[in-house]
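One-based numbering, in listed order, for ligands and for the atoms of each. All values below come from the heavy atoms of this structure, side chains included, with hydrogens, waters and symmetry mates left out.
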Amino acid sequence: MKPTTTPKTYRVKSFGCQMNVYDGERMGELLEAQGITPAPEGEDADLVVLNTCHIREKATEKVYSDIGRLVKAGEEAGRKPMIAVAGCVAQAEGEEIMARAPAVGMVVGPQAYHRLGDMVKDAAAGRRSTDTDMPEDAKFAALPARRKVAASAFLTVQEGCDKFCTYCVVPYTRGAEISRPYSDLLREAEKLVEAGARELTLLGQNVNAWSGADDKGRVVGFDGLIRALAELPGLHRIRYTTSHPNDMTDGLIAAHGEIAKLMPYLHLPVQSGSDRVLKAMNRSHTAESYLKLLDRFRAVRPDIALSGDFIVGFPGETEAEFAETLALVNEVKYAAAFSFKYSPRPGTPAASMDGQIAPEVMDERLQRLQAALNRHQLAFNEASVGKTCTVLIERKGKHPGQWLGKSPWLQSVFFEGDCAMGDLVEVELVQAGPNSLAGQLVTKVPA
Ligand code: SAH
Ligand code: SF4
Ligand code: F3S
């Protein structure tokens with residue numbers, strides 16, 4: 001078997017949230033700046049970065065089995081791939097991974113991956129290394145500039161979480177809440193637009209907790225950042241995710257009524273419709289305060305599409321409390337949603353609470369919840385039929401001449417026409433399915 005040498009090709013496999021996807025892109029750019037190129041589709045890479053997620057169970061087991069698979073594929077091909085473990089499992093279990101998996105050359109946490117290049121050099125020289133430090137905002141300054149990006153690009157503006165919901169690992173894996181500086185973000189946004197982005201999705205574990213100071217030193221909230229970004233001429237659409245009910249401001253709500261580039265879509269997780277469960281989750285909002293917030297968004301932007309996250313089977317959740325979640329869902333009528341079975345995470349308070357719910361009860365509740373959520377999603381899509389809206393083309397469809405893009409309400413829209421990737425076009429929505437809509441091209445919108 002060939003000894004480890006400096007890798008020529010890489011592949012980053014990102015799991016979990018969009019912030020991990022963003023980090024994965026930036027790790028790729030960093031490796032490319034060192035002359036390591038993306039491995040061609042279908043070929044093994046010399047360096048594989050497993051950019052992991054720790055949010056729900058089996059995360060760690062999955063990492064070990066991915067490592068095992070890479071080692072086996074390498075053995076069959078007579079080579080030894082260099083393996084890096086990054087992301088939230090790396091942060092939480094770095095030492096153990098190093099001890100248990102000798103094939104892993106480096107472990108690098110989400111706040112330390114700007115050091116990946118040096119770590120690759122070390123690994124090539126036979127030195128394994130771990131870096132799970134959390135220096136405040138150090139990595140962004142040390143990363144290479146953005147070059148080529150898709151029409152819809154991510155921009156991480158805020159990281160970390162101080163909320164400590166009792167079920168969640170994020171405050172431990174991502175650290176305390178920090179906001180990236182205003183001027184850095186405007187500069188990166190400009191670069192992204194120059195590199196081809198027409199839509200930016202601003203990312204943060206609690207993105208609406210972002211705050212900063214503008215170039216005149218005035219304090220600005222998240223809505224101020226959005227207003228500044230909306231001034232960028234080549235940028236057509238702005239989205240953001242994930243926001244927290246407790247960080248919502250009057251300014252951000254008002255922005256939805258005033259800024260045309262801010263898309264009519266809000267992902268606002270609620271987790272449960274039961275105040276008792278919300279309290280046990282340490283969410284510090286009630287079902288009613290959440291519903292009132294949504295009303296305020298609807299008042300300024302009546303067509304806003306709403307989305308949320310839900311957990312079923314939190315310890316102690318009774319059938320009646322679960323029914324309150326269903327009632328909330330039926331009241332809000334979400335356009336989209338993510339729903340999960342509660343998963344006990346090591347080190348979190350909820351993992352040792354009394355009243356852990358049996359798996360079959362969780363399965364049954366999740367099915368009922370998803371049936372309701374799917375019904376509302378289909379109804380939302382059906383209600384869009386007949387509308388003409390702008391679609392941003394993100395990729396080619398399966399059939400020749402077919403394109404796939406997103407409506408302002410984040411629905412996937414398929415249609416045919418003489419178009420190109422990144423075009424903004426007017427499409428009439430003609431047919432609705434649960435997960436997408438079929439459309440007919442009306443006209444190309446002038447850029
Ligand atoms: N910061 C965001 C969510 C980040 S995690 C927020 O608070 O809104 C994404 C989602 O994963 C959460 O909203 C929650 O629904 C889910 N989640 C987090 N921890 C979980 C756990 N232990 N079990 C099941 N779902 C979980
Ligand atoms: Fe996790 Fe709660 Fe923080 Fe969201 S707000 S990342 S669910 S602790
Ligand atoms: Fe997963 Fe970490 Fe994101 S745990 S959801 S990758 S913040």
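With a cut-off of 2.8 Å, atom 2 (Fe) of ligand 2 has no N, O or S atom of H244 in range.
Among protein heavy atoms, the minimum distance from atom 1 (Fe) of ligand 2 is reached at C168 SG, 2.3 Å. Of the protein's non-hydrogen atoms, the one nearest atom 4 (Fe) of ligand 2 is R283 NH1, 4.4 Å. Of the protein's heavy atoms, Q205 NE2, 3.1 Å lies nearest to atom 7 (S) of ligand 3. Atom 7 (S) of ligand 2 has as its closest protein heavy atom Y167 OH, 3.3 Å. Among all protein heavy atoms, the one lying closest to atom 3 (Fe) of ligand 2 is C161 SG, 2.2 Å.
If you check the side chains of Q91 and Y172, you find no donor sitting under 3.5 Å from an acceptor.
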(message) Pair N246, S284 - check side chain to side chain donor-acceptor pair (under 3.5 Å), show working.
(response) CA-CA 8 Å; N246 293 3; S284 46; 2.8 Å; yes

(request) Show the numbers, then the answer: is there a side-chain contact (heavy atoms from CB on, under 4.5 Å) between Y182 and V219? (result) CA-CA 10 Å; Y182 176 92; V219 174; over 6 Å; no

(request) Decide side-chain contact (heavy atoms from CB on, under 4.5 Å) for I67 and V85; before the verdict, give the C-alpha distance in whole Å, the side-chain angles of both, and the deciding distance to 0.1 Å. (result) CA-CA 9 Å; I67 295 167; V85 180; 4.2 Å; yes

(request) Determine, step by step, whether M134 and I178 satisfy the side-chain contact (heavy atoms from CB on, under 4.5 Å) criterion, reporting the C-alpha distance in whole Å, the side-chain angles of both residues, the deciding distance to 0.1 Å, and the verdict. (result) CA-CA 11 Å; M134 291 193 172; I178 61 137; over 6 Å; no

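Residues D23 and R26 are not paired through a salt bridge, judged by the lack of any N-O separation under 4.0 Å between the basic side chain and the carboxylate. With respect to the salt-bridge test (charged N to carboxylate O, under 4.0 angstrom), the residues R365 and E317 qualify. A salt bridge links R69 with D66: the distance from a Lys NZ or Arg NE/NH1/NH2 to an Asp or Glu carboxylate oxygen falls below 4.0 Å. Electrostatic pairing of E199 and K406 does not count as a salt bridge here, judged by no charged N lying under 4.0 Å from a carboxylate O.
Residues R11 and T9 are not in side-chain contact: their nearest non-hydrogen atoms beyond the backbone lie 4.5 Å or more apart. Counting only heavy atoms from C-beta outward, the side chains of L291 and V332 approach each other to under 4.5 Å.
The residue T242 has no part lying near ligand 2, judged by heavy-atom distances below 4.0 Å. When non-hydrogen atoms are compared, ligand 2 lies under 4.0 Å from the backbone of F164 (N, CA, C, O) but not from its side chain. Under 4.0 Å from ligand 2, heavy atoms of C165 appear from its side chain as well as its backbone. Residue P269 does not touch ligand 2, judged by heavy-atom distances below 4.0 Å.
The residue from Y342, Y334, F322 that alone fulfils the ring pair (Phe, Tyr, Trp, His ring centres under 6.0 Å) condition with F310 is Y334.
Within ligand 2, the atoms closer than 4.0 Å to a non-hydrogen atom of P171 are 8 (S), numbered from 1 in the order shown. If you number the atoms of ligand 2 from 1 as listed, the ones under 4.0 Å from a heavy atom of N206 come out as 5 (S).
Sorted by chain and number, the heavy-atom contacts of ligand 1 below 4.0 Å come from I55, R56, Y167, Q205, T242, P269, Q271, R283, D309, I311, F340, K341, Y342, S343, R345.
Counting non-hydrogen atoms of neighbouring residues, nucleotides and ligands closer than 6.0 angstrom, the CZ atom of R395 reaches no more than 12 such neighbours.
When atom types are taken as modelled, the side chain of N282 and the backbone of K163 share a donor-acceptor pair closer than 3.5 angstrom.
Only protein N, O or S atoms were considered, and those under 2.8 Å from atom 2 (Fe) of ligand 3 are C88 SG.
For F222 and H244, the gap between ring centers reaches or exceeds 6.0 Å.
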